[in-house]
Amino acid sequence: MSKPSLPQGTRDFSASVVRKRNYIFQTIRSVMESYGFQPLETPAMENLDTLMGKYGDEGDKLIFKILNNGLDNPTKHEQAKIEFDKVLAGKNTKGLTERALRYDLTIPFARYVAMNHSQLTLPFKRYQIQPVWRADRPQKGRYREFYQCDADVVGSYSLLNEVELSNLYAEVFKQLGVAVTIKMNNRKILAALAEICGGADKMVDITVAIDKLDKIGLDKVKEELSERGLNEQQINTIETYLLFNGNNEEKINSLKNLIGENETGNKGIAELEWVLNYHQNSFVGTHLQADFTLARGLNYYTGIIFEVKANDAQMGSIGGGGRYDDLTGTFDVPNIPGVGISFGVDRIYDVMEELQLFPAEVQTGTKVLFFNLGDAESRAAYSLVQSLRSKGIAAELYHENSKFDKQFKYADKKQIPYAVIIGSKELQENLVVIKNLLTGDQQSLSNSELLSFTF
RNA sequence: GAGGGCAUAGCUCAGUAGGUUAGAGCGACAGUUUGUGGCACUGUAGGUCGUGGGUUCGAGACCCAUUGUUCUCCCCA
């Protein structure tokens, strides 16, 4: 074993990063709890069957598979070799791998609902904050292990869920201090666009292309549409659609003209308007923006879809979600609709770091360091340290009787705001000296005064 | 899956057209008379130049391979 290293695309999180990440997690968690969502955790690994085929061909390739144990058993050698040949032929085989790491939180949740739906009270609202793994090639902002943070409601068709979820988004980002725009569209509207452009079967092609608008621009989207088999007239219609502008009302009016009598489209518009109207007089409304160019790559969405963007940072979406009609159908439990959202924690972290939105309190660890000035002195200090700890104040006793210099430096490094000095003199007088390391001010206190000191 | 960049001290990097004992800053450690720090000064330690081949009288520099890392495309968060 030479130099130790991390597996590609994974990260260690040091104290200050963990504290900031926890701050984000805590904020999200507390808001979700206040909306009645309940926590769920699922295993890091699932049966390969549960995951395969749920994320498309590309997704299947990116699932981290776990090699079965016991393949070195001599009695299984022959079988293992046969199985391996199947793998070389591009097939998956239970003989070699029957488990895989969680790829996202949605499918494990669907599996959970499918297994437990008879006991669950519907609608079931759960949130889940756990890492997921993808055998992707890492690059900027993309890792092989990263956290997802999802909230879903299953078993309800009510649009009130969409109202609440958009509200939840707004609330979380308000608490985090991140100015955001919550973009909203409806897959029914996109379906209508496809119908108008000559075929519902073109829906996937159209959404995949439109989804890239932000990234590659209108011209490239038109190119891609053309490559995907749409003719000039159809592309022109889509261009008109993509260029709608104005406020929410104006855009909706333009859309209504284009959609005309299309039934699906009008249903989609009505749903969108309902949610927008619900928020008309709340603070959420100011963040909501109807954006018909929003598509979302995932094809299981069927109704309203969301995406959140930070207003003051150059960054892709920091959250997204939408309604899907049949979450558990793939597990043979039909007719359970759902709607969910997710937070991109890593990106939220980057945005908050860039805009310096983390409050200073997030960073404080140890509040007070007791200097170690000898055996008798440190014993007196230790009992005070324990008393402070029992009051919930993070306190440390320096581990050795070192020079002042070193003890001060330790406090500096750990950004400890206070030092308590108990030397032979203080010990005799039964006092302590407390020093504010930022200002340099110090004062003598009795032991009981120290214990009621506000750090 | 396809294609680029990078790899020198714990960290960030220099290292000029291949040429003697590979440098700096930061950090670490020690000291500047061991009860008041963050500064300053002095000193010390720390590198088989990712690894393996090759070209050359001579390679950290050039060539090939390999590994790691990073970025872009595909796809996605």
Side-chain angles (χ1 to χ4, degrees), chain A residues 2-11 14 54-63 90 102-106 129-150 208-209 211-212 214-216 220 224 227 295-299 306-309 315-321 340-351 369-374 377-378 398 400-429 431-444:
Chain A
S2 52
K3 274 192 182 174
S5 63
L6 281 173
Q8 196 178 31
T10 66
R11 300 158 287 170
S14 59
K54 309 300 192 297
Y55 308 105
D57 291 344
E58 286 296 323
D60 281 355
K61 287 187 207 158
L62 299 181
I63 294 172
R102 189 200 295 134
Y103 180 88
D104 71 355
L105 301 180
T106 307
I129 303 176
Q130 290 189 278
V132 301
W133 294 270
R134 296 191 186 173
D136 205 354
R137 191 156 300 186
Q139 53 183 277
K140 193 174 182 67
R142 294 175 63 178
Y143 303 95
R144 289 186 151 184
E145 178 187 68
F146 61 96
Y147 270 78
Q148 286 195 335
C149 201
D150 285 15
V208 168
D211 191 45
K212 297 177 184 167
D214 258 1
K215 205 166 180 180
I216 63 178
K220 293 266 184 187
E224 176 147 353
E227 281 164 21
R296 301 211 42 85
L298 273 12
N299 281 314
F306 299 105
E307 203 158 281
V308 183
K309 287 209 67 171
M315 177 68 76
S317 75
I318 53 177
I341 58 173
S342 121
F343 290 84
V345 174
D346 290 289
R347 284 183 173 181
I348 294 172
Y349 179 94
D350 288 344
V351 168
L369 177 72
F370 283 67
F371 276 30
N372 186 333
L373 300 172
E377 291 88 341
S378 65
Y398 195 78
E400 283 176 54
N401 178 8
S402 305
K403 294 168 58 176
F404 261 59
D405 187 50
K406 286 202 85 165
Q407 307 203 30
F408 272 123
K409 276 191 174 156
Y410 180 80
D412 271 351
K413 284 269 165 57
K414 288 190 76 172
Q415 298 183 47
I416 298 171
Y418 289 96
V420 167
I421 298 166
I422 304 172
S424 48
K425 198 172 72 184
E426 286 80 9
L427 199 58
Q428 256 182 359
E429 295 171 7
L431 289 174
V432 306
V433 169
I434 183 162
K435 178 168 177 127
N436 182 323
L437 294 175
L438 278 173
T439 61
D441 298 337
Q442 63 182 52
Q443 53 180 314
S444 290

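This one's a predicted model, so the numbers in the text were calculated from it and none came from an experiment. Below, read A as the first sequence line, B as the second, and so on, with proteins coming before strands; counting in each chain starts at 1.
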Novice: In whole angstrom, give the distance that lies between atom CD of A:Gln407 and atom P of B:G38.
Specialist: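 Between P of B:G38 and CD of A:Gln407: 14 Å.
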
Novice: Mind checking if A:Tyr55 touches a base, just sugar-phosphate, or nothing, with heavy atoms under 4.0 Å?
Specialist: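 Answer is nothing: A:Tyr55 stays at 4.0 Å or more from every strand.
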
Novice: By side-chain hydrogen bond (donor to acceptor under 3.5 Å, both in side chains), which residues pair with A:Asn372, not counting sequence neighbours?
Specialist: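 Applying side-chain hydrogen bond (donor to acceptor under 3.5 Å, both in side chains) to A:Asn372 gives none.
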
Novice: May I ask you to decide if A:Leu6's main-chain N or O and A:Thr10's side chain share a donor-acceptor pair within less than 3.5 Å?
Specialist: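 It does not hold such a pair.
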
Novice: Could you tell me if A:Tyr143 and A:Asp136 have a donor-acceptor pair between their side chains, going purely by distance under 3.5 Å?
Specialist: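 Side chains of A:Asp136 and A:Tyr143: no pair found under 3.5 Å.
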
Novice: Side-chain donor or acceptor of A:Glu377 under 3.5 Å from a matching atom on the base of B:G35?
Specialist: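 Answer is no: no donor-acceptor pair is held.
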
Novice: To the nearest Å, how far apart are A:Arg134 CZ and B:C75 C1'?
Specialist: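 Going from A:Arg134 (CZ) to B:C75 (C1'), I get 10 Å.
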
Novice: Any N or O donor-acceptor pair linking the side chain of A:Lys403 to the base of B:U34 at under 3.5 Å?
Specialist: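 No, the side chain and the base share no sub-3.5 Å donor-acceptor pair.
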
Novice: Mapping A:Glu58 and A:Gln139 onto RNA chain B by nearest heavy atom, which one lands closer to the 5' end?
Specialist: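 Checking each residue's closest nucleotide, the 5'-ward one belongs to A:Gln139.
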
Novice: Respond yes when some side-chain nitrogen or oxygen of A:Lys413 is under 4.0 Å from OP1 or OP2 of B:A28, and no when none is.
Specialist: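 A:Lys413 to B:A28 OP1/OP2: side-chain N or O found under 4.0 Å.
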
Novice: Run through RNA chain B and report every stem of 3 or more consecutive Watson-Crick or G-U pairs, distances under 3.5 Å, ordered by first number.
Specialist: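 Stem segments, range with range: B:1-7 with B:67-73, B:10-13 with B:23-26, B:28-32 with B:40-44, B:50-54 with B:62-66.
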
Novice: What nucleic acid atoms does A:Leu6 come within less than 4.0 Å of, heavy atoms only: base, sugar-phosphate, or nothing?
Specialist: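 Sugar-phosphate contact only - A:Leu6 comes under 4.0 Å of backbone atoms but never of a base.
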
Novice: Rounding to a whole Å, what distance do you find between A:Asp412:CG and B:G27:P?
Specialist: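 Rounded to whole Å, this separation is 12 Å.
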
Novice: Tell me what A:Gly344 touches on the nucleic acid: a base, only sugar-phosphate, or nothing, going by heavy atoms under 4.0 Å.
Specialist: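 No contact at all - A:Gly344 keeps every heavy atom at 4.0 Å or more from the nucleic acid.
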
Novice: Given ring pair (Phe, Tyr, Trp, His ring centres under 6.0 Å), test A:Phe343 with A:Tyr147 step by step and report yes or no.
Specialist: CA-CA 9 Å; A:Phe343 290 84; A:Tyr147 270 78; over 10 Å; no

Novice: In whole Å, I'd like the distance from the CZ atom of A:Arg296 to the C1' atom of B:A77.
Specialist: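 One finds 9 Å between C1' of B:A77 and CZ of A:Arg296, rounded.
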
Novice: Would you mind classifying the nucleic acid contact of A:Glu426 as base, sugar-phosphate or nothing, using non-hydrogen atoms under 4.0 angstrom?
Specialist: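 Result for A:Glu426 = base.
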
Novice: At under 4.0 Å between heavy atoms, what does A:Ile421 touch on the DNA or RNA strands: base, sugar-phosphate, or nothing?
Specialist: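 Counting heavy atoms under 4.0 Å across all strands, the contact made by A:Ile421 includes a base.
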
Novice: In whole Å, what is the span from the CZ atom of A:Arg144 to the P atom of B:C76?
Specialist: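 In whole Å, B:C76 P and A:Arg144 CZ are 18 Å from each other.
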
Novice: Find the distance A:Asp405:CG to B:G31:P and express it as a whole number of Å.
Specialist: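 Going from CG in A:Asp405 over to P in B:G31 covers 9 Å.
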
Novice: Quick one: label A:Ser424 by what it contacts on the DNA or RNA (base, sugar-phosphate, nothing), any heavy atom closer than 4.0 Å.
Specialist: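 Contact class for A:Ser424: base.
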
Novice: Does the side chain of A:Gln8 get closer than 4.0 angstrom to OP1 or OP2 of B:U69 through an N or O atom?
Specialist: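 Answer yes for this pair, as a side-chain N or O of A:Gln8 is under 4.0 Å from OP1 or OP2.
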
Novice: Is A:Phe146 stacked against the base of B:A77, taking the criterion as centroid distance under 5.5 angstrom and interplanar angle under 30°?
Specialist: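 Base of B:A77: stacked against A:Phe146.
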
Novice: Select base, sugar-phosphate, or nothing to describe what A:Gly440 touches, counting heavy atoms under 4.0 Å on all strands.
Specialist: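 Base contact.
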
Novice: Determine the contact category for A:Ile318: base if any of its heavy atoms lies under 4.0 Å from a base atom, sugar-phosphate if only primed atoms, P, OP1 or OP2 are that close, otherwise nothing.
Specialist: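 No contact at all - A:Ile318 keeps every heavy atom at 4.0 Å or more from the nucleic acid.
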
Novice: With nearest nucleotides of RNA chain B determined for A:Thr439 and A:Gly141 from heavy-atom distances, which residue corresponds to the more 5′ nucleotide?
Specialist: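 Its nucleotide being nearer the 5' end, the pick is A:Thr439.
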
Novice: Under the 3.5 Å rule, do the base of B:C75 and the side chain of A:Arg137 count as making a donor-acceptor pair?
Specialist: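 Check fails, no donor-acceptor contact within cut-off.
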
Novice: Rounded to whole Å, please give me the gap between CG in A:Asn372 and P in B:U36.
Specialist: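 Distance, rounded to whole Å: 17 Å.
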
Novice: Would you kindly give the CG-to-C1' distance between A:Asp211 and B:C74, to the nearest whole Å?
Specialist: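 Atom-to-atom, A:Asp211 to B:C74, this comes out as 14 Å.
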
Novice: Given the rule in the ring pair (Phe, Tyr, Trp, His ring centres under 6.0 Å) test, do A:Phe370 and A:Tyr398 qualify, once you have shown the distances and angles that lead to the verdict?
Specialist: CA-CA 6 Å; A:Phe370 283 67; A:Tyr398 195 78; over 10 Å; no

Novice: Reckon A:Lys61 touches a base, only the sugar-phosphate, or nothing at all at heavy-atom distances under 4.0 Å?
Specialist: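 Since no nucleic acid heavy atom lies under 4.0 Å of A:Lys61, the category is nothing.
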
